[in-house]
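Just below is one structure, and these are the notes that go with it.
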Amino acid sequence: MTGTVFDIGYQRYTGIREGRGRGRIAVFKDGIRTALGFGRGAQAKVLPWFFIAVLAAIAQVMALIAGAAERIAGPGTAERMNLPSHSDYNGIASIIMFVFAALVGPELLCRDRRDGVINLYLVRPLTGSDYVMSRWAAFMAVMTAAAWLPQFVLFLGLWMSDPSPLDYLAKHWRDVPRFLAAGAAMAAYATTLALFVASFTTRRAYASVFLVGVFLITAPFTIGLAMETEGALGQWISMFNLTNIPVHVNDVIFGEESEITSEAPARLLPAWVRVGWYFAWTIVPGLVLWSRYRKLTP
Amino acid sequence: MRPAGGEALLAVEHLTKQYRNVRALDDVSFTITDGITGILGENGAGKSTAIKILLGLVPATSGSAKVLGLSAFDNVEVRARVGYMPEHDCLPSQVSAAEFLTHMAEVSGLPSDMARTRAADTLRHVGLFEERYRAIGGYSTGMKQRVKLCQALVHDPAFVFLDEPTAGLDPAGREEMLTLIRKTHREFGISVLFSSHLMADVERTCDRIIVLHGGRVVHSGDVAHFTKETDTVFIEVDTSRDSLVAALERRGVVVMPDGNGLTVQGSDESVYDQVRDALVEAEAPLRRMAPRRRELTELFEREREARPK
């Protein structure tokens, strides 16, 4: 049996064109794939999945400890021992979330500018604003998932390990909207700062090192200085601990102080100041990021 | 979205673009219809500015620019029907050509399944089908250049802008690219605006040219008009060039050196007879003899000479 290959030549496209909306969705989807390393080599997958695994592992360990306490020392032990809660988890996980954002986030913007791919986006039915907002939304989605997933693991763990699950649910169901809101707040903050810094360089490594430096090095510096300085000044110095900014919002949402902010002088400031400070640190860099891309031309 | 038959694909009227101290375009007007049009000019002539305005990326200071019958500026959707191949590097190294082109087609507004089909088809048309799942970082310069052309064609535009498409290519790669550009119009039916400073490429590929100098259009029209035969004959011999010059001058023929050859004034039959006799007398082995055509480079040389020193 012999076959014949027919070359039907070039075919014009006569199907539908979905315009700018499809373009935004495509950039959003590509942003998620880039952040998680899909469609790239194995190396690109290592970092994001390592952090997601670590975050989930922390929640799992917390759930296991609480479960073991309930089983070994009897019902209600976890609560009596004041084992880490959903609020505490966000405090513990915040540093890991920021390092995750610092190492992975810049990849969404820096590489497109360094390789020149941004020039191809801007000559398509897409504006600089569309591009950067889609990228922001993509990384926000990844960060939100990274913040929520372990909280669901923790919630399920605590719920299942409780001797009376129905009572646990009736008593703790409010934790779900709280950790959803606190997780989204933390994700928005980390996403915006990571992309804001990335918009100033074409090198992902520079952005990552700068962000890790800012997040990790300013923390001990501001903690030490704030402890030495009394009164309102000390409280405001403590507010410059960038890793704590969304954790203060977390505390306001949960109505309790988490482990890492329990000693921070900034906790004494009114809730509206801490929330306003969070919004300032999220909205201002966000606006600068947007304005840098808004008028970008190839 | 394609203008009715005969209507200009691109129309520029009294276009002026003033940057702070520099007038990049000065009262430029031209229209481009179906075909391959070359836009020529030295660095700073205004080619890139004109393309940016036509793509709606920068506003004009005054005048109008229409693409496919619609205003170019503030009309993002127009870009769904045009393609652009930039001169400089613009490809990701980590992803495969198939994935990258699918993504670019989607960004241009095609649904996902259609984008995938178009990406594979376009890669087939430029001869990269077999290599489509390899990461672009491992491609040769010629292959990367073809991927750049592909991304400009993947959404099936009505019009495509090519900025220095043969830059950095070896002679074989350059030839392949020029063939693909001709194919883009003749087989795919996509009109082309081709910006280059390589006259030979433009001469061999384009139907029409627009020459910019100092932000103004100094020439425009069919390439054939600029490369028409002159009233001279070009002769090239292997040896005895000086003897041939002497033999021609003895016959009263006006002869001038022209590169490796000679240009003889006049193109009627008597001139050919005299050249024949002179060749015999000088025992010069003839390599080439033909009516001399003008070259596009001469346009620029004339411009340069006419410029005040």
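To find a chain, count down the sequence lines: A is the first, B the second, and so on, and within it residues start at 1.
Residue B/Tyr19 places its OH atom among more than 12 non-hydrogen atoms of other residues, nucleotides or ligands, all under 6.0 Å distant. Heavy atoms from other residues, nucleotides or ligands lying under 6.0 Å from OH of B/Tyr139 number more than 12. Within a 6.0 Å radius of CZ in B/Phe30, other residues, nucleotides and ligands contribute more than 12 heavy atoms. By the 6.0 Å contact criterion, CG on B/Asn43 is open, its count of non-hydrogen atoms from other residues, nucleotides or ligands being 12 or less. Around NZ of B/Lys144, the count of heavy atoms belonging to other residues, nucleotides or ligands within 6.0 Å exceeds 12. For OH of A/Tyr13, the number of neighbouring non-hydrogen atoms (other residues, nucleotides, ligands) closer than 6.0 Å is greater than 12.
The part of B/Met114 that comes within reach of chain A is its side chain, from C-beta onward, which places non-hydrogen atoms under 4.5 angstrom from that chain. B/Ser112 touches chain A through backbone and side chain together, each having a heavy atom under 4.5 Å away. Interface residue A/Arg20: backbone and side-chain heavy atoms are both found under 4.5 Å from chain B. Of the two parts of B/Thr117, neither the backbone nor the side chain holds a non-hydrogen atom closer than 4.5 Å to a non-hydrogen atom of chain A. Residue A/Arg24: no heavy atom, backbone or side chain, is found under 4.5 Å from chain B. Contacts between B/Phe161 and chain A at a heavy-atom distance below 4.5 Å are absent for every atom of the residue.
Between the side chain of B/Arg79 and the backbone N or O of A/Leu122, at least one donor-acceptor pair lies under 3.5 Å. A donor-acceptor contact shorter than 3.5 Å links the side chain of A/Arg12 to the backbone of B/Phe188. One N or O on the side chain of A/Arg124 and one on the backbone of B/Met104 form a donor-acceptor pair closer than 3.5 Å.
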**Evaluation steps, side chain to side chain contact (heavy atoms under 4.5 Å, CB included), between B/His155 and A/Arg17** = CA-CA 9 Å; B/His155 53 293; A/Arg17 291 178 189 266; 4.2 Å; yes

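Heavy-atom pairs under 4.5 Å with chain A were tallied for B/Leu110, B/Thr122, B/Asp89; the largest tally goes to B/Leu110. For chain A, the option among B/His88, B/Gln151, B/Glu187 with the highest count of heavy-atom pairs below 4.5 Å is B/Gln151. For the set A/Pro125, A/Gly23, A/Gly116, the count of heavy-atom pairs under 4.5 angstrom toward chain B peaks at A/Pro125. In terms of heavy-atom pairs under 4.5 angstrom with chain A, the leader among B/Pro111, B/Ala135, B/Pro86 is B/Pro111. Ranked by heavy-atom pairs shorter than 4.5 Å toward chain A, the options B/Ala115, B/Ser93, B/Ala80 are led by B/Ala80.
Counting only N and O atoms by type, the side chains of B/Asp156 and A/Tyr10 include a donor and acceptor under 3.5 Å apart.
Heavy-atom minimum distance, A/Ala26 versus B/Glu106: CB-CB, 3.7 Å. Closest of all the heavy-atom pairs between A/Gly9 and B/His125 is C-CE1, 3.5 Å. Residues A/Gly19 and B/Glu77 approach most closely at CA-OE1, 3.6 Å, considering heavy atoms. Minimum heavy-atom separation, B/Tyr84 to A/Leu120: O-CD2, 4.3 Å. Nearest approach of B/Glu99 to A/Gly39, heavy atoms of both residues: OE1-O, 3.5 Å.
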What side-chain donor-acceptor pairs closer than 3.5 Å can you find for residues 52-61 of chain B, not counting sequence neighbours?
from, atom 1, to, atom 2, distance (Å)
B/Lys52, NZ, A/Pro298, O, 3.1
B/Thr61, OG1, B/Gln18, N, 2.7

